[in-house]
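To start, the structure itself, in structure tokens.
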Amino acid sequence: MKSRKISRGLRDLLPPELKVRRFMEEKAAALFASYAYEEVMTPTFEYLEVVEMGTGGNIREELFLFMDREGGILSLRPEMTTGIARLAATHLRDAVFPQRLYYLSNSFRYVQPHLAQYREFWQAGIELLGAEGVRADAEVITIAVKALQEMGLDNFKISLNQIAIFNSLLDDSGLNREEKDCIRSLVENKDLVELSRVLESLDIDDELKETIAILPVLHGGIEVLDRLPYVEKNRRALAAVQELREVYETLQLCGVIDHIVVDMGVLRGLDYYTGTVFEGYSPELGYGLLGGGRYDHLLGKFGFPCPATGFALGMDRLALLLKHPALQEAPRYLVGGKDFAAVIAQAEELRKQGFAVEIDVEGKSRQELERKLEGRENCITGGLIYV
């Protein structure tokens with residue numbers, strides 16, 4: 001029956017799944033608050049011009065669009081950073097910076113649904129507004145590492161890059177926008193064969209070709225930055241390499257370097273990134289768990305120039321790795337009896353002690369409740385109290 005169906009890419013969450021979600025949200029909120037981040041919330045939909053101003057016009061095919069009754073074109077939010085940039089430009093102009101903000105929210109994209117990719121998805125993330133420099137980048141990356149650890153994950157890596165290196169190399173190529181976008185996509189997807197073919201067809205410096213061609217496979221410790229032959233010829237790229245080295249060294253001081261790798265193929269998909277970028281992965285799942293980076297120009301598009309950096313954690317994907325987290329729940333009791341006033345009193349006393357209590361509202365006998373419990377031992381962990 002159609003009345004029982006939901007739209008593709010959406011799903012219902014039953015109690016066990018929602019317990020995992022709440023577990024992650026509580027862990028994330030506690031961690032973010034411990035670093036002095038404060039929670040904000042933006043509208044579920046924004047004007048299309050706001051969304052495209054932040055993410056770029058190439059995202060339109062992934063948006064859920066509709067019109068309001070005044071004729072305005074609206075979009076369900078495809079991510080949170082643009083909305084928070086608009087929020088900051090609207091409400092925080094007179095605030096003391098840096099501002100540390102976090103969110104727990106859902107977003108929407110019209111994508112092809114499959115495992116770990118839904119059209120409505122949930123994120124937890126932070127935005128550090130008004131702070132430049134490697135220390136700010138390192139703080140955000142450190143929190144990303146600790147967020148995964150707090151969820152109970154240990155087998156993961158954060159892949160780190162500086163997008164200005166790639167952008168500076170392409171600026172030297174003299175290629176048009178379409179050609180640059182093509183190369184960017186091939187590097188991101190690590191399509192070495194097609195990347196080599198495209199580069200061979202282009203009339204650009206041979207050493208620059210060589211450098212771009214090896215970007216997808218440059219992955220490891222900080223030493224991979226010594227394998228960029230063309231960088232010495234480009235002052236901006238050289239400065240970006242030095243900044244990436246400093247971020248790496250600062251992460252060593254933060255005690256999270258064991259989870260950090262340098263990956264020159266990490267470029268991030270959104271147009272607003274300007275500096276250090278990163279993505280989190282686990283070999284147990286073939287999809288990214290988190291992503292973020294520096295986006296110093298985004299707030300300026302809303303008339304409020306302000307440096308910024310942040311990340312978003314994909315709760316749906318992470319939940320696939322945390323199907324049985326150590327959820328600490330209070331013992332749950334079932335209370336019944338002939339004297340309903342006594343039943344209520346007993347239940348209230350147990351709740352004051354911190355227990356979860358289910359009252360028998362059907363007036364069943366002790367024997368009937370005991371039979372009922374036979375199939376619910378995993379739920380009623382505290383047992384039956386009959387008064």
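Since the structure is predicted, the reported quantities are computational estimates derived from the model, not experimental observations.
Side chain of Ser75 to main chain of Arg77: no donor-acceptor pair is present (N/O by atom type, distance under 3.5 Å, no hydrogens or angles). No donor-acceptor distance shorter than 3.5 angstrom exists from the side chain of Lys364 to the backbone of Lys372, with no hydrogens or angles considered. Side chain of Ser201 to main chain of Val198: a donor-acceptor pair is present (N/O by atom type, distance under 3.5 Å, no hydrogens or angles).
The heavy-atom pair separating Ala131 from Leu128 by the smallest distance is CB-CG, 4.2 Å. Considering all non-hydrogen atoms of both residues, Gly293 and Thr309 come closest at O-OG1, 3.2 Å. When all heavy atoms of Ala124 and Phe32 are compared, the pair lying nearest together is CB-CE1, 4.2 Å. Nearest heavy atom pair, residue Asp360 against residue Gly336, reads CB-CA, 4.0 Å. Contact detail for Ala136 and Arg294: the closest heavy-atom pair is CB-NH2, 3.7 Å. Summarising the geometry of Arg245 relative to Asp226, their closest heavy-atom pair is NH2-OD1, 2.7 Å, with the distance given to 0.1 Å.
For Glu249, there are no side-chain hydrogen bond (donor to acceptor under 3.5 Å, both in side chains) partners, not counting sequence neighbours. Shown here are the side chain to side chain contact (heavy atoms under 4.5 Å, CB included) partners of Val261, two or more places apart in sequence or in another chain: Lys157, Ser159, His219. Applying the side-chain hydrogen bond (donor to acceptor under 3.5 Å, both in side chains) criterion to Tyr248, with sequence neighbours excluded, gives no partner residue.
Under the 4.5 angstrom side-chain criterion for Ile, Leu, Val, Met, Phe, Trp and Tyr, the cluster partners of Leu18 are Leu13. If you chain together ILVMFWY residues whose side-chain heavy atoms come under 4.5 Å of each other, Val387 ends up grouped with Tyr333, Val335, Phe340, Val343, Ile344, Leu350, Phe355, Val357, Ile359, Val361, Ile385.
Ring centroids of Phe311 and Tyr295 are separated by 6.0 Å or more, keeping the two rings apart. Proximity of the aromatic rings of Tyr287 and Tyr281 is defined here by a centroid distance below 6.0 angstrom, and this criterion is not met.
Residues Gln123 and Leu313 fail the side-chain proximity criterion, which asks for heavy atoms closer than 4.5 Å. Counting heavy atoms from C-beta outward, Phe156 and Val145 have side chains that approach closer than 4.5 Å. For the pair Leu384 and Glu370, the minimum side-chain heavy-atom distance is below 4.5 Å. Using a 4.5 Å heavy-atom threshold, the side chains of Lys19 and Arg22 count as separate. The shortest distance between side-chain heavy atoms of Glu49 and Ile73 does not fall below 4.5 Å. Considering only heavy atoms from C-beta on, Tyr37 comes within 4.5 Å of Ile143 through its side chain. For the pair Met264/Leu228, a side-chain contact is recorded, criterion being any heavy-atom separation below 4.5 Å from C-beta on. By the 4.5 Å heavy-atom criterion applied to side chains, Leu74 and Met67 are not counted as neighbours.
Considering CG of Leu208 and CG of Asn234, their distance stands at 9.0 Å, rounded to 0.5 Å. Rounding to the nearest 0.5 Å places OG of Ser365 at 6.0 Å from CZ of Arg371. Within the model, atoms CD of Glu52 and NZ of Lys301 stand 11.0 Å from one another, a figure rounded to the nearest 0.5 Å. A distance of 9.5 Å separates CD in Gln242 from CG in Leu244, rounded to the nearest 0.5 Å. Atom CD of Glu120 is separated from atom CG of Asp316 by 8.5 Å, given to the nearest 0.5 angstrom. In this structure, CG on Leu186 lies 8.0 Å from CG on Leu199, to the nearest 0.5 angstrom.
Under a hydrophobic-cluster definition in which Ile, Leu, Val, Met, Phe, Trp and Tyr are linked whenever side-chain heavy atoms come within less than 4.5 Å, directly or via other members, Val217 and Ile212 are assigned to the same cluster. Leu192 and Leu267 fall within a single hydrophobic cluster, where Ile, Leu, Val, Met, Phe, Trp and Tyr are joined by side-chain heavy atoms under 4.5 Å apart, directly or via other members. Placement of Phe121 and Phe45 in two distinct hydrophobic clusters is found when ILVMFWY residues are connected by side-chain heavy-atom separations under 4.5 Å, directly or transitively. Hydrophobic clustering, with ILVMFWY side chains joined whenever heavy atoms are under 4.5 angstrom apart, groups Leu373 together with Tyr386. Met80 and Met41 fall into different hydrophobic clusters, defined by Ile, Leu, Val, Met, Phe, Trp and Tyr side-chain heavy atoms under 4.5 Å apart, directly or through other members.
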**OP:** Given side chain to side chain contact (heavy atoms under 4.5 Å, CB included), test Thr82 with Glu46 step by step and report yes or no.
**Re:** CA-CA 10 Å; Thr82 297; Glu46 301 266 4; over 6 Å; no

**OP:** Could you go through the side chain to side chain contact (heavy atoms under 4.5 Å, CB included) check for Leu251 and Ile141 one step at a time?
**Re:** CA-CA 8 Å; Leu251 290 169; Ile141 298 167; 3.9 Å; yes

Subject >> Worked verdict on Arg109 versus Phe64 for side chain to side chain contact (heavy atoms under 4.5 Å, CB included) >> reply: CA-CA 7 Å; Arg109 291 200 185 197; Phe64 282 90; 5.6 Å; no

Original post:
So Ile183 and Phe166, side chain to side chain contact (heavy atoms under 4.5 Å, CB included) or not? Walk me through it.
Top reply: CA-CA 10 Å; Ile183 290 177; Phe166 177 79; 4.2 Å; yes

Original post:
Can Phe108 and Phe66 be said to form a ring-ring contact (aromatic ring centres under 6.0 Å, His included), step by step?
Top reply: CA-CA 13 Å; Phe108 306 83; Phe66 58 100; over 10 Å; no

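In this structure, Arg11 is positioned above the aromatic face of Tyr118, its NZ or CZ under 6.0 Å from the six-membered ring centre and within 45° of the axis.
With respect to the salt-bridge test (charged N to carboxylate O, under 4.0 angstrom), the residues Glu207 and Lys233 qualify. Under a 4.0 Å N-O distance rule, the pair Lys209/Asp203 does not qualify as a salt bridge. With salt bridges taken as basic N to acidic carboxylate O contacts below 4.0 Å, none links Glu200 and Arg197.
Atom CD of Glu178 is surrounded by 12 or fewer heavy atoms from other residues, nucleotides or ligands within 6.0 Å. More than 12 heavy atoms of other residues, nucleotides or ligands shown are found within 6.0 angstrom of NZ on Lys190. With a 6.0 Å radius and a threshold of 12 heavy atoms from other residues, nucleotides or ligands, Phe302 has its CZ atom above the threshold. Residue-environment remark: CD (Glu179) exceeds the threshold of 12 foreign heavy atoms within 6.0 Å. No more than 12 heavy atoms of other residues, nucleotides or ligands sit less than 6.0 Å from atom CD of Glu38. No more than 12 heavy atoms of other residues, nucleotides or ligands lie within 6.0 Å of CZ in Arg235, so this atom counts as exposed by the packing criterion.
In the model, Asn161 has no side-chain atom that pairs as donor or acceptor with a side-chain atom of Arg268 under 3.5 Å. Side-chain atoms of Asp296 and Tyr272 include no donor-acceptor pair closer than 3.5 Å. For the residue pair Glu127 / Thr81, a side-chain donor-acceptor distance below 3.5 Å is found, with atom types taken as modelled. Side-chain contact of Ser185 with Asp181: a donor-acceptor pair under 3.5 Å is absent, judged by distance alone.
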Could you pull out every donor-acceptor pair under 3.5 Å between side chains of residues 146-154 and any protein atom, sequence neighbours left out?
| unit_1 | atom_1 | unit_2 | atom_2 | d |
| --- | --- | --- | --- | --- |
| Lys146 | NZ | Tyr35 | OH | 2.9 |
| Gln149 | NE2 | His259 | NE2 | 3.4 |

